[in-house]
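To keep things clear, I will list the structure first and then write my remarks on it.
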Amino acid sequence: MKSEPESFSIDDLKKRPNKTEPWDGVRNYQARNFMRDQMQVGDQVFFYHSNCDVPGIYGLAEIASTAYPDPTQFIENHHHYDATAKPEEPRWMLVDVRYLRHLKKPISLNLLKEHVEKLQGCPLIMKGNRLSVMPIRPEHWKAILALE
DNA sequence: GCCAACGTTGGC
DNA sequence: GCCAACGTTGGC
């Protein structure tokens, strides 16, 4: 799961009550579907910092709830307001995310790219990929964590 | 700040 | 259904 650290970083997540935060603001259908259809409580997550000095994975989190409607879609004037969404027919979903730990050493995108051969097909290092939520296959998860 | 790589919108 | 225009993401 990606976030711009200037708006919400893994340090911010750690400081939250229960170290947990609703992952609101996702407005991409594919990303929504991953949260809605595939995420289960206890699933582990890489916390990725995008659009920053050193993009990469900075820590681990876990899914703390199954998907439910993103309340920000109903709030007029909110940055993530969606006039086409109605409470009886919500369009956008989110999950709660709980902090687990920082990586001993962040795994930069640069470092990930040095290990393409082990990460064949991993969406993280694929060009043009802009998804903010994406599934990581178990073998990729292991290979990435081994870089810590 | 630039720009490639998308995704969305809306006219036709 | 096609596609041009536009908006967004995110690395660099």
Side-chain angles (χ1 to χ4, degrees), chain A residues 1-16 20-39 43-65 67-137 139-148:
Chain A
M1 300 180 89
K2 297 184 193 171
S3 182
E4 302 190 8
E6 286 213 5
S7 54
F8 190 77
S9 71
I10 183 140
D11 304 275
D12 296 324
L13 180 61
K14 187 180 183 180
K15 288 180 210 150
R16 284 290 190 260
T20 301
E21 178 76 359
W23 203 263
D24 60 22
V26 172
R27 294 293 180 269
N28 171 284
Y29 291 106
Q30 227 186 322
R32 177 203 67 184
N33 294 348
F34 287 139
M35 292 196 289
R36 187 190 60 191
D37 304 333
Q38 295 191 213
M39 285 183 167
D43 283 352
Q44 292 201 15
V45 174
F46 286 137
F47 197 119
Y48 182 98
H49 284 181
S50 65
N51 247 315
C52 56
D53 279 355
V54 184
I57 301 167
Y58 282 75
L60 298 183
E62 68 178 352
I63 302 306
S65 80
Y68 61 94
D70 180 343
T72 65
Q73 71 193 301
F74 308 125
I75 302 172
E76 261 178 271
N77 301 323
H78 192 282
H79 185 236
H80 296 302
Y81 177 63
D82 183 345
T84 69
K86 299 277 167 278
E88 60 274 18
E89 205 175 336
R91 181 172 302 245
W92 304 110
M93 308 288 278
L94 55 70
V95 293
D96 291 342
V97 173
R98 181 184 299 123
Y99 173 88
L100 284 179
R101 66 176 179 87
H102 280 65
L103 295 189
K104 291 170 230 158
K105 190 188 65 157
I107 300 170
S108 67
L109 180 59
N110 270 338
L111 182 62
L112 288 171
K113 285 176 174 170
E114 287 172 23
H115 295 266
V116 249
E117 70 286 351
K118 283 174 250 166
L119 300 175
Q120 285 297 323
C122 182
L124 254 185
I125 56 169
M126 286 168 81
K127 195 181 171 189
N129 163 61
R130 303 180 314 155
L131 271 182
S132 61
V133 178
M134 64 185 82
I136 301 291
R137 299 214 296 259
E139 63 270 28
H140 291 155
W141 178 276
K142 280 182 71 179
I144 291 170
L145 256 195
L147 302 176
E148 186 187 10

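Reminder, nothing fancy here: chain letters follow the sequence lines and each chain counts from 1. What you are looking at is a predicted structure, and each value in this text was computed from that prediction instead of being measured. FYI, side chains are in, hydrogens and waters are out, and symmetry mates aren't considered; it's all heavy atoms of this structure.
- With sequence neighbours excluded, the residues satisfying ring pair (Phe, Tyr, Trp, His ring centres under 6.0 Å) with A:His78 are A:His80.
- Going from atom CD1 of A:Ile107 over to atom NZ of A:Lys105 covers 8.0 Å, rounded to the nearest 0.5 Å.
- Closest approach of A:Val133 and A:Met1 over heavy atoms only: CG2-CE, 4.2 Å.
- A:Asp70 and A:Arg32 are not joined by a salt bridge, as no carboxylate oxygen comes within less than 4.0 angstrom of a charged side-chain nitrogen.
- The nucleotide range of DNA chain B contacted by chain A, defined by atoms under 4.0 angstrom from heavy atoms of the protein and reported 5' to 3', is B:dA5 to B:dT8.
- The pair A:Glu88-A:Lys86 does not meet the salt-bridge criterion, since no charged nitrogen lies less than 4.0 angstrom from a carboxylate oxygen.
- Two residues, A:Gln30 and A:Asn51, neighbour DNA chain B, and the one matched to the more 5' nucleotide by heavy-atom proximity is A:Asn51.
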Distance-only donor-acceptor pairs under 3.5 Å for side chains of residues 91-98 of chain A, two or more places apart:
residue	atom	partner	partner atom	Å
A:Arg91	NE	A:Thr84	OG1	3.2
A:Arg91	NH1	A:Tyr29	OH	2.9
A:Arg91	NH2	A:Thr84	OG1	3.3
A:Trp92	NE1	A:Asp82	OD2	2.8
A:Asp96	OD1	A:Tyr68	OH	2.6
A:Arg98	NE	A:Thr20	OG1	3.4
A:Arg98	NH1	A:Glu62	OE2	2.8

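- Here A:Phe8 pairs with nothing under the ring pair (Phe, Tyr, Trp, His ring centres under 6.0 Å) rule; sequence neighbours left out.
- Residues meeting the salt bridge (charged side-chain N to carboxylate O under 4.0 Å, His left out) test with A:Arg36, sequence neighbours left out: none.
- Non-hydrogen atoms lying under 4.0 Å from DNA chain B are contributed by A:Lys127, A:Gly128, A:Arg130, all within residues 107-132 of chain A.
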